[in-house]
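Throughout, a chain's letter reflects where its sequence line sits, starting with A, and its residues are numbered from 1. What you are looking at is a predicted structure, and each value in this text was computed from that prediction instead of being measured.
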There are 2 protein chains.
Amino acid sequence: MLTSSQQQLLRVISQSGPSSRTVLAASMGLSKAAMSGIARDLISLGVLRETETIYGQGRPSILLDLHPEGAFFVGVSLLEDPAPLVLSDFNGNIIARQTMPLSRDPDAIAEMIADTLPKLLAEQERADGKLSGIGVALSGFVDEKQANCVKSTLLGWQDVPLAGIIRQKTGIDTFIENDAKAVAVSEKLFGSARDVQNFSVVSFGNGIGCAHFVGGKLYRGNHGGAGEIAHCTIEPNGSPCRCGKRGCLDTVASLKAIKEMAKAEGLACHSLKDLETEASIGNAAAIRILHRAGSALGLAIAHLIQFNDPGLILITHVEGHFDGLFGTVMRQAAEANVLPRYAGQTPIRTRRVDGDVWARGAASIAAHNFLIGSTPY
Amino acid sequence: MLTSSQQQLLRVISQSGPSSRTVLAASMGLSKAAMSGIARDLISLGVLRETETIYGQGRPSILLDLHPEGAFFVGVSLLEDPAPLVLSDFNGNIIARQTMPLSRDPDAIAEMIADTLPKLLAEQERADGKLSGIGVALSGFVDEKQANCVKSTLLGWQDVPLAGIIRQKTGIDTFIENDAKAVAVSEKLFGSARDVQNFSVVSFGNGIGCAHFVGGKLYRGNHGGAGEIAHCTIEPNGSPCRCGKRGCLDTVASLKAIKEMAKAEGLACHSLKDLETEASIGNAAAIRILHRAGSALGLAIAHLIQFNDPGLILITHVEGHFDGLFGTVMRQAAEANVLPRYAGQTPIRTRRVDGDVWARGAASIAAHNFLIGSTPY
DNA sequence: TTGTCTTTGTTCATTTTCTGAACTTAGCTG
DNA sequence: CAGCTAAGTTCAGAAAATGAACAAAGACAA
């Protein structure tokens, strides 16, 4: 186990990137002497390594960075069938891959993971003995300890202590997390939000997920529900939603909703891109649908900015398409609905992610816990 | 200056209320031995004191609490003319009061504060030598260090380093903060949100302000704009707002907006209460106005819940009135627009505050900084 | 009343962690 | 090449926290 100073150092480096001992000492409020010792220990543990040397006036400084092979994590996505398991290094690189059949039985899941784990590790010898955690991403609400699934409609669960079950079967520290929150964590640790303290990730797909980072930490909300923007009312008295309300963002702007609206209009579009193509050649229905969806998403994002003033909005998508009408309208609506003096202040970035998002997100949850540990006061 | 452990202890007590040494040691992750010493020091400094004795099995435990006279703070509100200055003890009790003419000139303000300070302190000898900070509440945006006013339309300021100027003139540590955020801090430190980690305070008045606490800390947002719900679009294509957009919450639900709507309808109502009375005797226009305002505020609060999942929404108001139609509709709209499975999970509390809110809020900013100090990593 | 039990809080020697100051290292500068 | 600058190390000493033993204060049962 690492000391709290060691953990803190890892955390700082993971947030601010490779830095010299002197810089790190200053940003942690420690003396150079203390830093020297802590760094020495972590290097000899194989968790840190010296990378670039920066030449300037005086003695050159040597940057310290996380050693990609300092720790390995397993990520499991329970959002797909078969469920992917990936082995990730400390940089978020996926270095091995397996799948297992998806089950709704927690014990069966734990069993399957325990069975698949050796196969996964066998692919990469260098991970031997350095597996530092398992993360599981699922659709649903997870408690603060990232141990129990409070509720998952998709899996039909209520108060399932999945993390504990897996930990018991595998002997490895395990944490579970909501899908959107897992993606946010992976963007913070491994992705394009490393150096941003406050940001929100919107994961755009058949559903719309969202998660917030506040002060460099994942903000889960009081019931683990922070970021559930899919069911905010965006069209008062709009179409009914499966949640029981009307006019939820989900009914207008999710990929599923867009496809359904297209189908209802008799359009033979099987993807957002198809619909964009239709719109670009002047199909009124396609334009109407994209406009409506874009406005809705843009308005929700504007609310997000107005309410939380994040430093970045990151929209991740697997099969989205933000270069056309949809994206343009979304951005315009977002700009038009924030305080004019704020407009343009908050970057809205879209990012296409590969099919490994969920599994990588899951792995990042394990990494996040390795870095944060049992959070101090 | 206090050590970081001492500060931490004060913070924990201020959050969780009076506790025994053993409990405190556990919740701070320290040994009883360490706690014993830290507590002894703080008691002899006059910052902590032993209060109740709890009898159970074994040796009785003695609760430690902040000593109300352990530190004193001055709060200045630049929201009123004349501007009130209050002297507050460590419990948020206002023990002295002065006023000074409001000015737009930072130097003049600092001068006035420096002049008024002795008079304020003269009222209460026990505060002698224990004045630990000055807080200033103002309408506008404040930077992260709570030192510079980035922008205040009301005061006509842009990048004014007010805190530094006052600090220089008075020799006392000074921090400035946005009005709504100051109120939130005072609710956290002194009010009804002491033990809630995540909550939002909506200050309802001629304008609508809001501020969030996340993880027990004030969340300021990336540009200090977190919580600016007044200008979120609540009625798409609604009435124009002075901010340049349309349909902002501020144009429908603020006290000012309600009064203006009443006036426009030819109603002779000078307060929300008058309007409620009108509505209660069946005045259609009054009912319409209250309904519209309540729905708007309720929807905004629903968004707040849906986006951030706070543990509490606290609505503070000086001359509001939430027992009538307005309040009822507001609550209904809030419930109706959150995920049904969440409805009712987030308490929405209204709280009438006295005219000292802003000044007390300002003082609490100083207290907050005394407790948090220069925040560690 | 009295001894036992339970739990809080203190004491103190010891260990861990951090600091300050002096020093070494390594490259720029002229 | 000497002189300068800044990074990183070393080491004695200070500061903070620990663990174990112990004193304190009441509950409880005989």
Checklist entry - Do the side chain of A:Arg59 and the base of D:dA7 come within less than 3.5 angstrom through a donor-acceptor pair of N or O atoms? => result yes

Across the strands shown, which category fits [X] at heavy-atom distances under 4.0 angstrom: base, sugar-phosphate, nothing?
X       : result
B:Ser61 : sugar-phosphate
B:Ser31 : base
B:Gly37 : nothing

Nearest-Å distance for atom pair [atom1]/[atom2], residues [X] and [N]:
X       : N      : atom1 : atom2 : value
B:Leu9  : D:dA17 : CG    : C1'   : 15 Å
B:Ile38 : C:dG9  : CD1   : C1'   : 14 Å
A:Arg21 : C:dT25 : CZ    : C1'   : 13 Å
A:Lys32 : C:dA22 : NZ    : P     : 13 Å
A:Ile54 : C:dC28 : CD1   : P     : 12 Å
A:Met35 : C:dT19 : CE    : P     : 10 Å
A:Leu24 : D:dA6  : CG    : P     : 19 Å
A:Leu30 : D:dA7  : CG    : P     : 17 Å

Item to check | A:Arg49 and A:Glu69 ion-paired at < 4.0 Å | outcome: no

Checklist entry - Would B:Ser14 and B:Leu189 satisfy side-chain contact (heavy atoms from CB on, under 4.5 Å), going step by step from the backbone distance to the final call? => result CA-CA 7 Å; B:Ser14 106; B:Leu189 286 184; 3.8 Å; yes

Checklist entry - More 5' along DNA chain C: A:Thr3 or A:Gly58, using each one's nearest nucleotide? => result A:Thr3

Item to check | Quiz item: cation-pi between B:Arg360 and B:Phe73, 6.0 Å / 45° | outcome: no

Next on the checklist: Does atom CD (B:Gln124) have a neighbourhood of more than 12 heavy atoms from anything else shown, all under 6.0 Å?
Outcome noted: yes

Checklist entry - Counting side-chain heavy atoms from C-beta on, which of D:dA17, D:dG19, C:dC18 comes nearest to A:Ser5? => result C:dC18

Checklist entry - Among C:dG27, C:dA21, C:dT8, which nucleotide sits nearest the side chain of A:Ala33? => result C:dA21

Checklist entry - So which of B:Glu144, B:Glu177, B:His212 actually passes side-chain hydrogen bond (donor to acceptor under 3.5 Å, both in side chains) with B:Arg220? => result B:Glu177

Item to check | Earlier contact from the 5' end, DNA chain D, for A:Glu50 and A:Gln57 | outcome: A:Gln57

Does OP1 or OP2 of [N] have a side-chain N or O of [X] closer than 4.0 Å?
X       : N      : result
B:Arg40 : C:dT11 : yes
B:Ser20 : C:dT8  : no
B:Ser36 : C:dG9  : no

